[in-house]
Amino acid sequence: MIHSLFLINSSGDIFLEKHWKSVVSRSVCDYFFEAQERATEAENVPPVIPTPHHYLLSVYRHKIFFVAVIQTEVPPLFVIEFLHRVVDTFQDYFGVCSEPVIKDNVVVVYEVLEEMLDNGFPLATESNILKELIKPPTILRTVVNTITGMEKGETHRELPSWVKALNNLLPAFCLIPISGSTITAEIQGVIDACVKLTGMPDLTLSFMNPRLLDDVSFHPCVRFKRWESERILSFIPPDGNFRLLSYHVSAQNLVAIPVYVKHNISFRDSSSLGRFEITVGPKQTMGKTIEGVIVTSQMPKGVLNMSLTPSQGTHTFDPVTKMLSWDVGKINPQKLPSLKGTMSLQAGASKPDENPTINLQFKIQQLAISGLKVNRLDMYGEKYKPFKGIKYMTKAGKFQVRT
Amino acid sequence: MSAAPAYGEDKGGSAGPGEPEYGHDPASGGIFSSDYKRHDDLKEMLDTNKDSLKLEAMKRIVAMIARGKNASDLFPAVVKNVACKNIEVKKLVYVYLVRYAEEQQDLALLSISTFQRGLKDPNQLIRASALRVLSSIRVPIIVPIMMLAIKEAASDMSPYVRKTAAHAIPKLYSLDSDQKDQLIEVIEKLLADKTTLVAGSVVMAFEEVCPERIDLIHKNYRKLCNLLIDVEEWGQVVIISMLTRYARTQFLSPTQNESLLEENPEKAFYGSEEDEAKGPGSEEAATTALPARKPYVMDPDHRLLLRNTKPLLQSRSAAVVMAVAQLYFHLAPKAEVGVIAKALVRLLRSHSEVQYVVLQNVATMSIKRRGMFEPYLKSFYIRSTDPTQIKILKLEVLTNLASETNIPTVLREFQTYIRSMDKDFVAATIQAIGRCATNIGRVRDTCLNGLVQLLSNRDELVVAESVVVIKKLLQMQPAQHGEIIKHLAKLTDSIQVPMARASILWLIGEYCEHVPKIAPDVLRKMAKSFTAEEDIVKLQVINLAAKLYLTNSKQTKLLTQYVLSLAKYDQNYDIRDRARFTRQLIVPSEQGGALSRHAKKLFLAPKPAPVLESSFKDRDHFQLGSLSHLLNAKATGYQELPDWPEEAPDPSVRNVEVPEWTKCSNREKRKEKEKPFYSDSEGESGPTESADSGEISRAGDSVQGEVSRLGLSPICPISSSEQSEEEGGKRKMKKRKKVTEAQGDASSSDEGSDSSSSSSESERTSETEEEQVEPASWRKKTDKAGTGSLLAHFHTGPPPPLQLLSPGSGAGRQELLHRVAGEGLAVDYTFSRQPFSGDPHMVSVHIHFSNSSDTPIKGLHVGTPKLPAGISIQEFPEIESLAPGESTTAVMGINFCDSTQAANFQLCTQTRQFYVSIQPPVGELMAPVFMSENEFKKEQGKLTGMSEITEKLTLPDGCRSDHIVVQKVTTVANLGRVPCGASDEYRFAGRTLTSGSLVLLTLDARPTGAAQLTVNSEKMVIGTMLVKDVVQALTQ
């Protein structure tokens, strides 16, 4: 299946290669570089590139291209899914997945890759199993530290046990056109769990309102039958962090959008100045603060520069990429943040006919915008009392305002 | 395998100039000379005795390999360390070996003996890793050794080693394809493996080695379907994809077979599958077939596949979801394909590469099944941050989904896109609008107007694209659009994009009759700028000139000649040729008039409008989700998706002779358990055996006692002759067993249980099953007497470990607590079917404890039960101590309150608590009652309407004789037989334990095998469940 893997950084250097079958010369990547040149932007490189003898399937994450070389028919998603799993594993191992980190841990990376595939077919891809086979560097270090500070014999003490479920809800996609009505909005959420329990705990997680969930996908440990019949998540968890559940709340259940954006962007035909004004305000947040607000907008090419004054936060405008970015921070409902000023346009050029789209990022702690509530989490099969906790969070997904 | 060239290239490549960041590399930094020096240094480190130095050296070497640098000259130094004791070093040596063995074959052979030793290691992980490395070093000389190792590993105890063996098969095959036949044997063997760990890997091997041997799958088909959900994700993808192909060869098309089935009535191809058809699958098959009103009945195996793959749509792995989606698309009846839409839309929120692949597939699907994705239209709306390739694919899908009803929304959305800054995307949008306009006549004018407005756009690309699209649209109805053509003509002054200019000129030429005044003027302008135009524009200018000359020669004769003269001396020979050809054709000359007379017909023939269609049309002849589909070209190794067969191949090939382990034992156990109620078997084996002594007669007595207590003894019409016939040759065996039993009460627990059940069936089952069967009606009696010590004495050994496999059935022994989970305490339970002494409403449950740990277990008792409403438990007296290796039995009563809800309680020892639960089969919730035929009929008359549940079924051949039917029914449900006159009718009666409601069961069997089952009971839930269970028991 997967013959080889090349890791390529954004400047086109192959900094790691791994072969699971016979060695494939790295010259095969020339086809990839060609495609990369043609695509101009990194995310526009086609994920599948046919070459005379091989096929190159790639994913682009953390500014690294992971290019898999295959020779025969294989479902492309199989390879792509695997490559993403590789990236996730690296992230899990090293905390971040970046070129310097991979270079620093090249031996561990190589060994992990060796274990993940056998003859090009996935062998061990779960990070908890991999970690048993190959120790991640950080764990190695901490273990050494703890052992020195602890008496011998104590090392096998039962770890403090705890369960934590993170509930991230992302209204993934809102488009608000000029008329002010929402084009489409949906909520896409995940429950990430962090489980550190000894033994074979059997957990069940139930919701107050499971009917809310329109479409779900599970971690393989979840018993599907039980969900089908009782709408309860029943599972024996793997150790560590994992994504228990991803779900989707359909557009039919009206999504309450927690922010609004007022904008006034106008270009005049005659003058070389344009007016620009944006105000962001909270709406239906149930008393919670909106934090981490960042407004970005790709301005039309005709805009030369912008002179703006924010009421709070900082803003930058890159005259080369025409990207405006405004880091707002928290929204204070009493004093709404705004960004006002003028744009200087190319003299003599007529007004740009496209309007910029405003992208918004924000976070709301302790609120699940979907209204999903976890009812209870029970543990069976073990005697001890686990520590349980839940954290709700709402994050904006791809929140766009069309102007 | 491109081993040879790759090898050569690699050597060059690794030292080549394309090397990034040479200096950063600690292992081989600097120039070549120091490179070699460093290698010497590494060799020294490898030769030392210190593991830490070796490890350091190996790490550096592996780092070199990872960076693609050549480390092959270190081979001898490294291979020496293959037998190194340090596991870390060893692992890295393996990594090195796998990478370079191919290049240094002779030296690599030195390591083989180490692996051969590893293959015999008691540790499964070491066996597996030895096999893995051995099979990964691509050295042809060791093919026989590999073959041997694979064969051996294929029958290894450990599933992990077997999995590794499956992985090794394709490796060996790629090394030496002559081994195919032998490898197929191994594949066949591994396909029969029942562990989920092996399934995915072996199917992978199957796909690589012998995908054409579809016959190997037959016997394993059902097993694979059933295992599927527990296989790891990667295996699931491979299995689903293989099963899709399999199903295409083995089943009939669920969509288009009206004509087919008329000549091939369902009975014919279905007959042998009757038993299967009565399974849960048949109901679904029926429901799907009904609305379509087709005489098509889906093969139950086909249904099984669809049913078992459906939950996988919820998988977190995009690859699995896609695999299921393509399976449904290719195999499911039209009405059911819709379920995949939601899952596919979910994948659109994943990484952009996943989106890219999914959208390609959605685009293909949406052409065939538009309705499927229509509700999700908005999910395909484009965000400004999407990469262009995603945008264009989404646009494709949106265009495919556009219909009469949603077109206004779609067009409004397109309007936004046109203002985007991404010009490639805008161009694609304009094309999409053009396609919508051609497909949906109603909006053609709207679209056209919109496009005309775009002509005044400031971006030239947009205008050009619009012109091209407008040209195509106008061709459909040119007469009404003179105005637009005029407008376009004006654009020739401003538009510079050649394609657009060419399109405009072509349009004017083609429809010069509609714009008689403007056309010559355009030609004049073009003649002026002719030399500066692009080639395609020049060609169109010549075309325009020719057409005008033919229609309006008065005004344009000179212009045309001017243009043709210019073209005559053009640099491009195409243009010169065209000019020469056109001149000959249109300018009448003296000699050759034949063609020029037809010139008008040649140039101004009505041309068919171009068809704007999706590039994804007909892509579905490739299996969706495959690489070939994505590239729209056959990839190497692509397996064609076969067409549905005209006639279904024999479905019986999938029947497995040996029924599935669990089911089989389950049923056997039920039978055995059941036997004592039919005293004839007891009577036959009991008194007639001369060697019988106390034990047996006691057994016989108690059975009779029990039977009479249940009011059954007078109504057991099964003839003993029948029974003995059946047993035939097994008698001898049985005799022997009786003898051993007769040796006294001290016989082992399983023997004891055997004697108690002493059924004719017991001999048929394997020994392990015999051990599991332990109805223990006696033991309870002694237990009641309170002689715990005697009980302990009964059980001499721990229960066999196989009990963990015992399935959930009512009558046999079932596991309550596995000995591993119970830390040495194993607990099983059986339903004894005796009234519970304390409370008649309670079901008596026998709990068998055995202690397989090495410490005594003390203070066994029931802890605070957590029970659903109504259910109550009468606990057993606390067992003070259970010595290691000993077993004991206790009786507890549970009032299930006529429901099949499980009773959950804690089983406590002094030190631990275990949560256990007992769920009764519905048949155990009742006790037999005796009544006459008349009484039965009278009672039945009262319980009609809602209380009556009827089900038709067909009895399989093996299940037509009286006693088997009776036995099967009574195995399932604790009912008493009611004597009746008609020979083909069976009647059974009982009362539910808690409420005492009557449960009446009638089975009307025709000699042909057709039968009707009726259950009358005011407890409708119980009635329905009972019918289900009985039907299942009878038809299997």
Side-chain angles (χ1 to χ4, degrees), chain A residues 13-18 21-27 43-44 46-48 50 55 59 71-78 80-81 84 106-107 110-111 114 118-119 121-122 172 175 183-184 188 215-220 224 243 246 248 251 298 300 350 353-355 357 359 380 383 398 400 402, chain B residues 1-3 6-7 9-10 13 20-21 59 62-63 66-68 95 102 132 138 167 170-171 204 234 237 241 311 314-319 322-323 342 346 349 351-354 356-357 378 381 383-385 387-389 416 419-421 458 625-628 630-631 635-638 913 915:
Chain A
D13 296 331
I14 303 172
F15 64 93
L16 190 122
E17 62 179 72
K18 170 87 187 93
K21 298 188 183 184
S22 296
V23 176
V24 177
S25 160
R26 51 165 69 185
S27 62
E43 61 255 30
N44 268 334
V48 183
Y55 303 94
V59 304
Q71 229 171 12
T72 49
E73 168 68 47
V74 57
L77 270 185
F78 185 97
I80 286 169
E81 179 82 23
H84 281 300
V106 68
V107 176
Y110 203 82
E111 282 185 283
E114 176 78 28
D118 182 13
N119 195 34
F121 190 76
L175 293 171
I183 296 174
T184 165
Q188 185 198 342
D215 182 33
V216 283
S217 71
F218 302 115
H219 189 272
F224 184 70
R243 178 151 298 175
S246 323
H248 177 236
Q298 171 79 53
S350 46
D353 50 7
E354 63 259 326
N355 278 327
T357 312
N359 295 309
Y380 302 98
K383 281 186 302 185
K398 296 191 171 157
Q400 299 196 335
R402 291 177 181 170
Chain B
M1 283 276 149
S2 59
Y7 163 38
E9 277 166 345
D10 173 69
E21 22 139 42
K59 278 189 174 168
V62 168
R67 299 210 165 102
V95 166
E102 203 174 357
R132 204 178 143 198
R138 291 164 291 274
H167 278 280
K171 296 185 209 168
M204 186 63 227
W234 314 107
V237 177
S241 154
Q314 247 68 51
S315 170
R316 64 167 176 173
S317 159
M322 189 64 233
K342 192 186 266 185
R346 173 179 358 109
R349 298 171 203 125
H351 300 284
S352 85
E353 294 87 5
V354 175
Y356 177 80
V357 178
K378 285 192 172 176
Y381 279 8
R383 296 163 229 181
S384 64
T385 43
T388 310
Q389 47 185 353
T416 337
R419 290 190 289 146
S420 162
M421 291 174 217
R458 223 169 300 110
S626 68
L627 186 62
S628 305
L630 190 96
L631 298 170
T636 337
Y638 173 71
Q913 294 177 330
Y915 289 92

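Lettering follows sequence order; numbering is per chain, from 1. What you see is a predicted model, and the numbers here were worked out from it, not measured in a lab.
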Side chain, backbone, both or neither: which part of [X] has an atom under 4.5 Å from a heavy atom of chain B?
{"X": "A/L16", "result": "both"}
{"X": "A/E111", "result": "side chain"}
{"X": "A/F121", "result": "both"}
{"X": "A/F218", "result": "both"}

Check the pair A/K21 / B/E102 against side-chain contact (heavy atoms from CB on, under 4.5 Å), numbers first and verdict last.
-> CA-CA 10 Å; A/K21 298 188 183 184; B/E102 203 174 357; over 6 Å; no
Taking [options] one by one, which has the highest count of heavy-atom pairs under 4.5 Å against chain A?
{"options": "B/M322, B/K59, B/M204", "answer": "B/M204"}
{"options": "B/S626, B/S241, B/A635", "answer": "B/S626"}
{"options": "B/T388, B/L630, B/V62", "answer": "B/T388"}
{"options": "B/P170, B/S352, B/S317, B/S315", "answer": "B/S317"}
{"options": "B/A66, B/G637, B/A319", "answer": "B/A66"}

State, to 0.1 Å, how close A/E81 and B/A318 come at their nearest heavy-atom pair, and which atoms those are.
->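 For A/E81 and B/A318, the tightest heavy-atom pair comes out as OE1-N, 2.9 Å.
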Nearest heavy atoms of A/P76 and B/L627, plus distance in Å | CD-N, 3.4 Å
Below 4.5 Å from any heavy atom of chain A, which atoms of B/Y638 appear? Answer side chain, backbone, both or neither.
->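 B/Y638 touches chain A through backbone and side-chain heavy atoms alike.
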Which answer fits B/V354, side chain, backbone, both or neither, if we ask what part of it has an atom under 4.5 Å from a heavy atom of chain A?
-> both
Sub-4.5 Å side-chain heavy-atom contact between [X] and [Y]:
{"X": "A/P75", "Y": "B/V237", "result": "yes"}
{"X": "A/V48", "Y": "B/E353", "result": "no"}
{"X": "B/T636", "Y": "A/Y55", "result": "yes"}

What distance separates B/Y356 OH from A/L77 CG, expressed to the nearest 0.5 Å?
->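 B/Y356 atom OH to A/L77 atom CG measures 12.0 Å (nearest 0.5 Å).
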From B/R316 CZ over to A/S246 OG, what is the distance, rounded to the nearest 0.5 angstrom?
->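 Answer rounded to 0.5 Å: 9.5 Å.
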Just give me the residue among [options] that pairs up with chain B most often, heavy atom to heavy atom, under 4.5 Å.
{"options": "A/N359, A/V216, A/V74", "answer": "A/V216"}
{"options": "A/V106, A/V59, A/D118, A/T72", "answer": "A/D118"}
{"options": "A/E114, A/K18, A/E43, A/H84", "answer": "A/H84"}

Answer yes when B/K342 and A/D215 have at least one side-chain N-carboxylate O distance shorter than 4.0 Å, and no when they do not.
->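 No.
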With distance as the sole criterion, is a donor-acceptor pair present between the side chains of B/S628 and A/E73 under 3.5 Å?
->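 There is such a pair (donor and acceptor under 3.5 Å, judged by atom type) between the side chains of B/S628 and A/E73.
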